[in-house]
Every structure is written in C-alpha cells, then in structure tokens.
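Okay, so here's the structure we're looking at.
Here, residue 1 is the first one in the sequence, and each next residue gets the next number. Any value given below was found using the heavy atoms of this structure, including those in side chains, with hydrogens, waters and symmetry copies removed.
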Amino acid sequence: YSPNFSWDAAYERELQTFQDIGDAGEIWFGEESMVRIITWLEKHKVPLDSSVLDIGTGNGVLLVELAKSGYTNLTGIDYSPSAIQLSEKVREKEGMPNIKLKVEDFLAPSAELSGFDICIDKGTFDAVSLNPSDAAGKRKLYVGSLGRVLKPEGFFLITSCNWTKEELLNEFREGFEILEELPTPKFCFGGRIGNSVTALVFQRK
C-alpha cells in the first residue's frame, strides 16, 4: 500500500472524468455528511467569515457547499496534486474563485497553515490510520498538526468510518475536548445496532 500512489491515481481518474463529463466524483460519506457539518455550523451561529480548513479536500465539493451557504474564508488542502487540480476545476465550474486550494501534507504542514477557526476532516484521519508504515506515529503527527493549525478554542469536526467515538476521544485527548457527537445513520447487523459512521465535534483547549 503506497498512499501517494493510490490516492494520486484515484484523483487522476476523477480528474479525467471531470474533464470528460463534468462529474466531480465521489462525495465521501455522501451528501448527508456535508449537510450535517453545515447544519452544525449554522446552528452554532459560526460567523460566515470564520477561517475554515478542509483537511484532505479531495474534489473540494464540501468547500463549494460551504461557499454556497455563505462562508467566505475557505481553504482546502490535499497532498495529492491531482486532487487539488480536480478541486480547482470544480471551483472554476461552480464560479467560486475565493476558495483557496493548496497541495499540503497535513502531517508536515507549512508554516503559513495556521490560525484556523475551524478544521474539518471527512475520511483523512481514516486514511492516515490505514498507512501500514507506522500508523500510530502518523496519527500522533496528525494530532500535533491539528494543534498547530487550529486556534485555541477552535472547532474540529471529524467524520470517520474506522473509529468509534471512544477511540477518537482517546486519539484526540491531548489538547482537545469533545463538545458534541453528531447524529449519523445507524446500521443493524445480526440484531445489533451499530454506527457505520462516527461524527464528532472537538474544541481545542
């Protein structure tokens, strides 16, 4: 498993598809995951000029939805150059020139990536956790990076399909406290109800 190769290849295919038929590809965790995030921001009256970082933006569709909801200070990062190319094309198609997009490795973020009011992660922490070379070390780097880029008192909204609420609380216990668990679809397996997706809101201490 080489994370660089597989993600880049996937986004290169999506880039080609977008150029051919104008389809931005997969929405991670589906539409309702975006609605859930935006609903939380609106319910908590998060100001529309708050700085928002989408960690592992992929095709950038979440940022476009945030922009349509009135948010004006939006940045997306991805370590896959193909993903950033794709999100640039999506941004152009949607006429959202104010969305900032950068190729960045969140595990080693550049100095200018700092001071965000809100960080959002849909599946990037999951992907980091699947890395076969020192996944535990990579998760630690991720938590350290989050502490550097998010302002004190800033909010972190994470959507995961690999981790339970308890596991995420443990992963982010250094420097973050949980504010809320967001409702996600439940699935039933063998008579037991489980969550296929966990969505949590943390606040940086």
| Any residue meeting side chain to side chain donor-acceptor pair (under 3.5 Å) with Ser129, in chain and number order, not counting sequence neighbours | Trp163
| For Lys205, all residues meeting salt bridge (Lys or Arg N to Asp or Glu O under 4.0 Å), sequence neighbours excluded | none
Using distance only, find each side-chain donor-acceptor pair of residues 63-70 under 3.5 Å and give its atom names and separation, not counting sequence neighbours.
from  : atom 1 : to    : atom 2 : distance (Å)
Lys68 : NZ     : Glu94 : OE1    : 3.4
Ser69 : OG     : Glu65 : O      : 3.0

| request: Sequence neighbours left out, what passes salt bridge (Lys or Arg N to Asp or Glu O under 4.0 Å) with Arg204? Give chain and number order. | output: none
| request: Mind checking side chain to side chain contact (heavy atoms under 4.5 Å, CB included) for Thr164 and listing every partner two or more places apart, or none if nothing turns up? | output: Glu166, Glu167
| task | For Asp105, check side chain to side chain donor-acceptor pair (under 3.5 Å) against everything at least two apart and list the hits. | result | none
| task | Kindly write out the residues that satisfy side chain to side chain contact (heavy atoms under 4.5 Å, CB included) with Val143, not counting sequence neighbours, or none if the list is empty. | result | Phe172, Phe176
| said: I'd like to check the salt bridge (Lys or Arg N to Asp or Glu O under 4.0 Å) partners of Glu180; sequence neighbours left out, ordered by chain and number. | reply: Lys43
| task | Using the test side chain to side chain contact (heavy atoms under 4.5 Å, CB included), find all partners of Ile178 that sit at least two apart in sequence or belong to another chain. | result | Lys165, Leu169, Leu200, Phe202
| Among all residues two or more places apart in sequence or in another chain, which pass the side chain to side chain contact (heavy atoms under 4.5 Å, CB included) test with Asp49? | Pro47, Thr72
| said: Just to verify, what does Tyr142 make a side chain to side chain donor-acceptor pair (under 3.5 Å) with, not counting sequence neighbours? | reply: Asp121
| request: Among residues two or more places apart or on two chains, list those pairs meeting salt bridge (charged side-chain N to carboxylate O under 4.0 Å, His left out) that have a residue in residues 144-160. | output: Asp117-Lys151
